[in-house]
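A quick write-up on the structure given underneath.
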Amino acid sequence: MFLKVLGILDKILSFIESWSLFIATMTALIALFVNVVLRYGFNYCLAWSEELVREVILITTFLGCSAAIKARSMIKIDALAQIVPSLKTPLTFFSHFSVLVFASMMIYYGWQMAAMQAATFQKTIILEIPLVFLYALLPAMGIGMFIRTIQVVYQDIQELGAKPDAA
Amino acid sequence: MEFSNLVILLILLGCMAAMVPVFMCLFFTSVLGFLLFTDLPLLLLAQSLFRSMDKFALVVVLYFILCGNIMTSGAIVDRLLKVANVLVSWLPGGLGMAGILGCGLFGAISGSTVATVVALGGFMIPALLENKYHENYTIGVMTAAPNLGVIIPPSIGMILYSMISNVSLEGLFLTGFVPGILMMFGMCLYTYLVHRKKTDFVRIPIPPFKDVLKILKEGFWSLMLPVIIFGGIFSGAFTANEAAVVACVYAFIVELFIHKAIKFKDVYRITVSSAVTSATLLIIVAGATCFGRYMTLENIPGKITEAVLMYIQSPWVFLLIINLMLVGIGMIMDIISATLILGPVFLPMLAAFGIDPMHFGLILTVNLAIAYCTPPMGVSLYITGAIANKNLVYVSKAVLPFIAIQYAVLAIITYMPGLTLWLPRVMGFID
């Protein structure tokens, strides 16, 4: 049952993360490129392109972090684990635990900040996007990272369980 | 050292040693600093984390990573290597020189050492071994030469340093050419001297002029990529951000329609993986911003500057100590984290020693790049070891002559600032 739920969550998260990252990156790429073309070709500039790009950076960074947990590509220093290989497993689990703490903090504080924006109805200057959507990226990142970490911990426990059998 | 600062340093080092992701080390240290030594709410840190990403300048990181990934997935790297081959492979040790030149050309488009090691190492190591180049030389050169990926602009380390120091990015990029070219020349000269009297490797004959022209024609579109990036930036046609975007669009068009090396479905995969890589780097900027906020509140950089000035008065000694420290740190910490953590600590000291922040940015980047392949902990040693199936001791010995050349170049640029700063000065990026 647990495995099935994790599998479904993985599919949903992967779909949301991948397509959000793709669409956001491509949209900013096209907007900035069109801006350069318009500036040289038509002596005209898109006023909203810079704001759009800033929002894209927020989206790609915060949602990308969740995807990075799944890909195990977060940058960390593994010097101690290389010097003392027996520490690798406990340190890996400690690292997962720290991600869970961080994710919980992001859900809690991110929610508070998004609620503040929702209450004050603030919007971005040019595109007039309600800031609550942008601030909601923080709790969204927290939820994504939390679920991804549970998946990764589960995989690691499975692998750990399989090792003595293999030996 | 004050007790509170010692506690903070120990928490930061403890988190890093415990394999906690670097940005979280910085965030948790700031959280504990806020809780233990200030009365400020933690919501401020969450606010800093969010606000730090709301910056237009960060886009350059995303798109230079995307550009590098398009190249490694398509045929641009292959064409660049063929051009490098046809130009120098007929010289004694020519194929090794082609590997160095290839790393330089790749570095002029990509901004990362790891990308260069993987992209070129995986290709050049088997090619050199097939041509009977000594294994020791092959592994050494293909471990050290990819440092050019970070030193020759565009470099992601330089981009982030320019953000934290407000130094002109275009000017900082210009400083990277001199050490990059000096290192390429030094490594090529060493290759020539090692191979000039040897006969036990395959010496490639001088290619006919017709073949040279054919390969240059095939590599034309790939060679135009650095021309577009640097021509655009330094002619004033684009900003560095726009250059990264134009380079991506150009690379996509070349790979999809001219080289036909990638398909439309690959565009999705490359874009998503680039966005994830960019996220893992940019989130460190967010962590460093939180940590920077705590450090500023406690005036930690000011206190460190005061302490340093009490014991060191000479800029020469200061630069020597900084360089030695950076080598140690750079071996265990990646260039992005080290730049973002150490940059704000060192920057306030520069004025007291009369060191130009642009010059210091270059020293920081070059030093951390070399440290990345310095034994015994440099990450590149492990990557090449994995590619070539060799142990750490073997790779460490093999890389020594090449990093000796690179450290010599570092010493030259450290103590001769005029050598690197004349180019940005001539182009008007420094007064």
Side-chain angles (χ1 to χ4, degrees), chain A residues 17-22 24-26 28-30 32-33 35-36 39-40 50-51 53-58 60-71 73-83 87-88 91-92 94-95 98-99 101-102 105-106 108-110 112-113 134-135 137-138, chain B residues 15-25 27-28 31 42-43 45-47 49-50 53-56 58-59 61-63 66 232 237-238 241-242 244-246 248-249 252 267-269 271-286 331-334 336-337 377 382 392:
Chain A
E17 283 163 3
S18 304
W19 280 102
S20 310
L21 293 175
F22 178 70
T25 309
M26 278 298 165
L29 183 74
I30 293 165
L32 279 174
F33 186 70
N35 204 20
V36 174
R39 194 172 68 226
Y40 285 103
E50 189 174 323
E51 190 181 290
V53 167
R54 290 197 342 246
E55 278 139 27
V56 162
I57 290 296
L58 287 166
T60 51
T61 306
F62 293 138
L63 295 185
C65 276
S66 170
I69 298 283
K70 185 191 177 190
S73 55
M74 276 294 173
I75 296 173
K76 46 180 92 164
I77 295 165
D78 58 355
L80 188 61
Q82 280 183 19
I83 297 165
L87 284 176
K88 193 174 178 184
L91 288 180
T92 305
F94 180 76
S95 170
S98 73
V99 180
V101 173
F102 177 80
M105 287 180 79
M106 284 302 106
Y108 178 73
Y109 289 109
Q112 276 192 1
M113 288 200 297
L134 297 177
Y135 276 86
L137 286 168
L138 279 183
Chain B
C15 284
M16 284 181 173
M19 273 172 54
V20 174
V22 172
F23 85 92
M24 285 184 211
C25 297
F27 182 78
F28 287 142
V31 166
L42 290 184
L43 199 63
L45 281 179
Q47 187 84 30
L49 190 104
F50 181 85
M53 287 297 100
D54 193 8
K55 281 188 189 135
F56 179 68
L58 295 173
V59 75
V61 176
L62 171 64
Y63 290 118
L66 178 59
F238 325 128
N241 299 332
E242 289 169 343
V245 167
V246 172
C248 284
V249 173
F252 268 134
V267 173
Y268 173 79
R269 179 184 52 80
T271 309
V272 173
S273 79
S274 305
V276 174
T277 308
S278 160
T280 60
L281 300 181
L282 291 184
I283 199 70
I284 300 176
V285 177
M331 268 190 255
I332 52 169
M333 199 185 282
D334 68 285
I336 309 297
S337 315
M377 298 296 294
Y382 295 90
L392 181 65

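Every chain is numbered from 1, with letters handed out A, B, ... down the list of sequences. What you are looking at is a predicted structure, and each value in this text was computed from that prediction instead of being measured.
To the nearest 0.5 Å, atom CG of residue A:N35 and atom CD of residue B:E242 are 6.5 Å apart. Annotation: the span from B:T271 atom OG1 to A:M26 atom CE amounts to 3.5 Å, rounded to 0.5 Å.
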*Would B:L49 and A:Y109 satisfy side chain to side chain contact (heavy atoms under 4.5 Å, CB included), going step by step from the backbone distance to the final call?*
CA-CA 11 Å; B:L49 190 104; A:Y109 289 109; over 6 Å; no
*Should A:I75 and B:I284 be marked as a side chain to side chain contact (heavy atoms under 4.5 Å, CB included) after you check the CA-CA gap, both sets of side-chain angles, and the distance that decides it?*
CA-CA 9 Å; A:I75 296 173; B:I284 300 176; 3.8 Å; yes
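Here the side chains of A:T92 and B:M19 are in contact, with some heavy-atom distance below 4.5 Å. Using a 4.5 Å cut-off on side-chain heavy atoms (C-beta onward), B:C248 and A:F33 make no contact. A:F102 places none of its side-chain heavy atoms less than 4.5 Å from the side chain of B:V20. A heavy-atom distance below 4.5 Å is not found between the side chains of B:F56 and A:I57. Considering only heavy atoms from C-beta on, B:V276 comes within 4.5 Å of A:S73 through its side chain. Between B:C25 and A:S98 the shortest side-chain heavy-atom distance does not fall below 4.5 Å.
Proximity to chain B (any heavy atom under 4.5 Å) is restricted, for A:L138, to the side chain, taken from C-beta onward. For chain A, the nearby parts of B:A237 are the backbone and the side chain; heavy atoms of each come within less than 4.5 Å. When heavy atoms are compared at a cutoff of 4.5 Å, A:E50 approaches chain B by way of both its backbone and its side chain. Proximity to chain A (any heavy atom under 4.5 Å) is restricted, for B:Y63, to the side chain, taken from C-beta onward. If you measure heavy-atom distances from B:M16 to chain A, the contacts under 4.5 Å come from both the backbone and the side chain. With a 4.5 angstrom heavy-atom cutoff, B:Y268 touches chain A via backbone and side-chain atoms both. Proximity to chain B (any heavy atom under 4.5 Å) is shown, for A:S20, by neither the backbone nor the side chain. For chain A, the nearby part of B:D334 is the side chain; its heavy atoms alone come within less than 4.5 Å.
Chain A forms the most heavy-atom pairs under 4.5 Å with one residue out of B:V249, B:I332, B:V267, and that residue is B:V249.
The aromatic rings of A:F62 and B:F50 sit parallel to each other, their planes meeting at less than 30°, with 60° as the upper class boundary. Classified by interplanar angle (parallel below 30°, tilted 30° to 60°, perpendicular above 60°), the ring pair B:F238/A:Y40 is perpendicular.
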